[in-house]
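Step one of this worksheet: look at the structure below.
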Number of protein chains: 4
Amino acid sequence: MPPRSDLKRQRILTAARDVCAESGYEAARMDEIAHRAGVSKGTLYNFFAGKEALLIATVLSTYQDYIVLLPGVENDTLDPRDRLAALAESLATGFEAIAQHLLLTHQAWSVVLNSPAARQELLGTLRSIYSGYTETLQSILAAGIERGVLRPDIDISVVATNWLAIYDGLLYRAGFEEDEPDPAYTAAGVRTSLGWLIQQLLVTDTARADEKIDIDKESVRT
Amino acid sequence: MPPRSDLKRQRILTAARDVCAESGYEAARMDEIAHRAGVSKGTLYNFFAGKEALLIATVLSTYQDYIVLLPGVENDTLDPRDRLAALAESLATGFEAIAQHLLLTHQAWSVVLNSPAARQELLGTLRSIYSGYTETLQSILAAGIERGVLRPDIDISVVATNWLAIYDGLLYRAGFEEDEPDPAYTAAGVRTSLGWLIQQLLVTDTARADEKIDIDKESVRT
Amino acid sequence: MPPRSDLKRQRILTAARDVCAESGYEAARMDEIAHRAGVSKGTLYNFFAGKEALLIATVLSTYQDYIVLLPGVENDTLDPRDRLAALAESLATGFEAIAQHLLLTHQAWSVVLNSPAARQELLGTLRSIYSGYTETLQSILAAGIERGVLRPDIDISVVATNWLAIYDGLLYRAGFEEDEPDPAYTAAGVRTSLGWLIQQLLVTDTARADEKIDIDKESVRT
Amino acid sequence: MPPRSDLKRQRILTAARDVCAESGYEAARMDEIAHRAGVSKGTLYNFFAGKEALLIATVLSTYQDYIVLLPGVENDTLDPRDRLAALAESLATGFEAIAQHLLLTHQAWSVVLNSPAARQELLGTLRSIYSGYTETLQSILAAGIERGVLRPDIDISVVATNWLAIYDGLLYRAGFEEDEPDPAYTAAGVRTSLGWLIQQLLVTDTARADEKIDIDKESVRT
DNA sequence: CATGAATGAGATTTCATTCAT
DNA sequence: TATGAATGAAATCTCATTCAT
């Protein structure tokens, strides 16, 4: 059972996330956040040094909540093609939730502009999240080449960069969409776009050559 | 010769862009913008209805400034592969300038959250910019397939989506970089990443099959 | 034919009166006044030293417009009772127009608070208007007493004060009324209230004793 | 003991009244009011929504402070003539204080011009104050007629209207006076003017017929 | 004399933060 | 540790006035 203060901290972060999502960081009022969290303003300041620190914590907490890799991804006994599919599916799964809260991240940029310490904390964490992805991805690619299921001429680094770029790009564009978003910028779009990328990596004469990679198939979820 | 008031408007937009880039939208002061533009605060408000309207205008004006396609792109007598290369080069050319001012766009999201009219103006313009890119790209791809220089099994729509997603993703990530950015998130990275994408599209048995596409080569600039 | 500049001055005063009546002095904008008058703001300042001076001039001009005594009032060959009736009718006639613009006068008080010169100009003019009324009224009362048609025990000064106080009081209260004003605070109310006052002054045993004074009757307009 | 916040509210209202009396509403600065009230500007805005709301509250509070009827007025066992005298004395007593702050009311008119809600609040309260006076007055007059001490032919409604009109008119004119006001527009003037009005109402053949009503006499204060 | 774009002092108002209780 | 009334620095924006044309 988490201590009571952790619950309170969590309530504050959730309230902050909600209020910022509705009104934007600038328009979010500490009063409103405290009210929604069911605490007083004084308590807010016991947990977070200020509005800025609260925003950073909220952004990082949001990432923690949504960045969850499916179990297949890290399991290096699986076929690397299935692991790629599982990674793509992991990203697709969290896509809409992340997209919805991406605004928060955008706003964090401006806030940290003039605050080197906050900047380091935010960038550091985000970079480490991306590093994690990149390492995982590169190791899967390397395993795929080694096992002969991915094309040997792949530039692992470029492909990893593009994989993440496609994901980020879709996420970014999702923010442009309104009530009826273009399907290209939804979870389904992530599956399509990363599916296409995976196709480009496959060797064409293996036993699985004409099998279409289906990132939704059961094996992924193993 | 543009009328004098256009010059003044431009000076204000440039000042706003600079100040926001340095301090962020929230921290940018109308006083400071007026001062840098060499006009009084009153004049600022004669040209723009308020801080919010000024931000939107600044973002749009920044896009206008940097989104310039090289002449080869639209020239449909050229080899479609060269046109793709020219398009990639166009995006690479503007990349760093756009990346530097991307912060401004991020901030614009929060500002327009509570202002439907501003939201429409901003999203509408951005969407039309993206539509333009997408149409151009799709028509080049179609021409390439028709002429037999691009693979006939290409899903034009998916490729176009991914092209733009890669560009946006690199742009987005460039914002994470600091003094010594990862080369993947520079103009050179754009060339590499989009170059890789173009490679995936080429038919492998043409006369140019083993020619490496060099998006920097002279023909692009024709 | 008045010189052209007098017409322009008059147009400005009328525009100022209208705008102030609609929005109040504070909310009235020099821009709007200039626009309605069909002149530029610069011209406004050629005619009036500033907003304050314009208000004073507007108030005084409004009084000039509405304070018109019927001819019978000053005619000392008429029966004093008829002259009183004519005076009452004069006040009743202008009542609604004055009441409508009384707001302007109210606002003038605050404006002149900190400007002794303006204060003198405004108060001086108003006092002279009131003095005129008072003198006229007192001379009619004296004539009435002398001729034996008004009660000899009248305190001329008190009656004159009350006459004007009743008029001012009705005017003041008229400002409280809205769409359907209490008839007591309309031109008809002025006739009733001053009619009552006149009744109190009459000697009760003259030939006209039981004649009801009708301030509307023809003789008044002679 | 009133709660502390009521004291603070009262301090703010008093400060607002003083500052507005000195400088007028427009020229009054929220800074100055806060300073005089000994609170911060923020606190001012915790108590009143804005400058406008503060003005309305100040005007109404001023009326509440000065409109006090002497006990004899409502006591219907007294001689109606004494009750009238007591009412006149009540008005005379508050006269100078009200006159001094009348400026505030004048300014309130313009402020509420463009704010229907504020207008309703201000007009409603003022009308109810006047209604109270009118009802009291009419009931005294009726009692006087019934008891045979006032003339039976009195038109109660007209007399009540004129009573209040005289009071308002004197109040209004008092605003024109400067350092040495005409005695007609002072508390003494109110006594004289309303005393005259009362005289007009008396039956002339009662025991008290030739007693001059003296509104200062002891019985009034019972 | 007329114009109206430009000015900038100064107003109201907000809201993150504090601290006595 | 929790509270929330009080704070006051600092922001945006207005608009009477000016003056080059």
Side-chain angles (χ1 to χ4, degrees), chain A residues 4-5 8 12 25-35 37-55, chain B residues 3-5 8-9 12 25-35 37-55, chain C residues 4-5 8 12 25-35 37-55, chain D residues 3-5 8-9 12 25-35 37-55:
Chain A
R4 194 202 287 230
S5 78
K8 206 172 271 189
I12 294 172
Y25 169 75
E26 192 179 354
R29 305 289 160 231
M30 295 298 265
D31 274 309
E32 172 72 4
I33 293 169
H35 180 74
V39 300
S40 76
K41 261 196 297 183
T43 301
L44 224 59
Y45 282 85
N46 285 340
F47 282 87
F48 300 95
K51 197 184 179 187
E52 205 173 292
L54 177 55
L55 176 68
Chain B
R4 183 144 29 144
S5 79
K8 203 169 277 189
R9 190 188 144 91
I12 293 171
Y25 170 74
E26 194 179 353
R29 304 294 155 220
M30 295 300 267
D31 276 313
E32 172 71 5
I33 294 170
H35 180 74
V39 300
S40 73
K41 240 184 320 176
T43 299
L44 217 62
Y45 282 87
N46 284 343
F47 280 86
F48 300 95
K51 198 185 179 188
E52 196 174 301
L54 177 55
L55 176 66
Chain C
R4 194 204 287 231
S5 79
K8 206 172 272 188
I12 293 171
Y25 170 75
E26 192 179 354
R29 306 289 159 229
M30 295 298 265
D31 274 308
E32 173 70 5
I33 294 170
H35 180 74
V39 301
S40 75
K41 259 195 300 184
T43 300
L44 225 57
Y45 282 86
N46 285 339
F47 281 87
F48 300 95
K51 196 185 179 185
E52 205 173 291
L54 177 55
L55 177 67
Chain D
R4 189 160 2 161
S5 78
K8 203 169 276 186
R9 189 188 144 90
I12 292 171
Y25 169 74
E26 192 179 355
R29 304 294 155 220
M30 294 300 266
D31 276 313
E32 172 71 5
I33 294 170
H35 180 74
V39 300
S40 72
K41 248 188 309 181
T43 300
L44 216 61
Y45 281 88
N46 283 343
F47 281 85
F48 300 95
K51 197 184 180 187
E52 197 174 299
L54 178 55
L55 175 67

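Residue numbers start from 1 in every chain, and the chains themselves are labelled A, B, ... in the order their sequence lines are given, proteins ahead of strands.
Nearest heavy-atom pair across B:Met30 and B:Leu44 is O-CD2, 3.5 Å. In this structure, A:Ile12 and A:Ala37 approach most closely via the heavy-atom pair CA-CB, 3.8 Å. Between B:Lys8 and B:Val39, the shortest heavy-atom contact is CG-CG1, 3.7 Å.
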A correct 5'-to-3' footprint of nucleotides 12-17 of chain F, with B, S and - meaning base, sugar-phosphate only and no protein heavy atom under 4.0 Å, is BBBSSB
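Nucleotide E:dA16 holds its C1' atom 15 Å from the CD atom of A:Glu32, rounded to whole Å. Atom-to-atom, CG of A:Leu55 to P of E:dA16 comes out at 12 Å; the value is rounded to the nearest Å. Taking atom CG on C:Leu44 and atom P on E:dT3, their separation rounds to 11 Å, with Å as the unit. In this structure, the NE2 atom of D:His35 is 17 Å from the C1' atom of F:dA6, given to the nearest Å. As a whole-Å value, the separation of D:Lys8 NZ from F:dG4 P is 16 Å.
Of the inter-residue distances, the one linking B:Leu54 atom CG with B:Arg9 atom CZ reads 9.0 Å to the nearest 0.5 angstrom.
A donor-acceptor distance shorter than 3.5 angstrom exists from the side chain of D:Lys51 to the backbone of D:Tyr25, with no hydrogens or angles considered.
Residue C:Thr43 has a polar side-chain atom (N or O) positioned under 4.0 Å from OP1 or OP2 of E:dT3.
Counting only Watson-Crick or G-U wobble pairs whose defining distances are both under 3.5 Å, the stems of 3 or more consecutive pairs in DNA chain E are E:2-21 with F:2-21.
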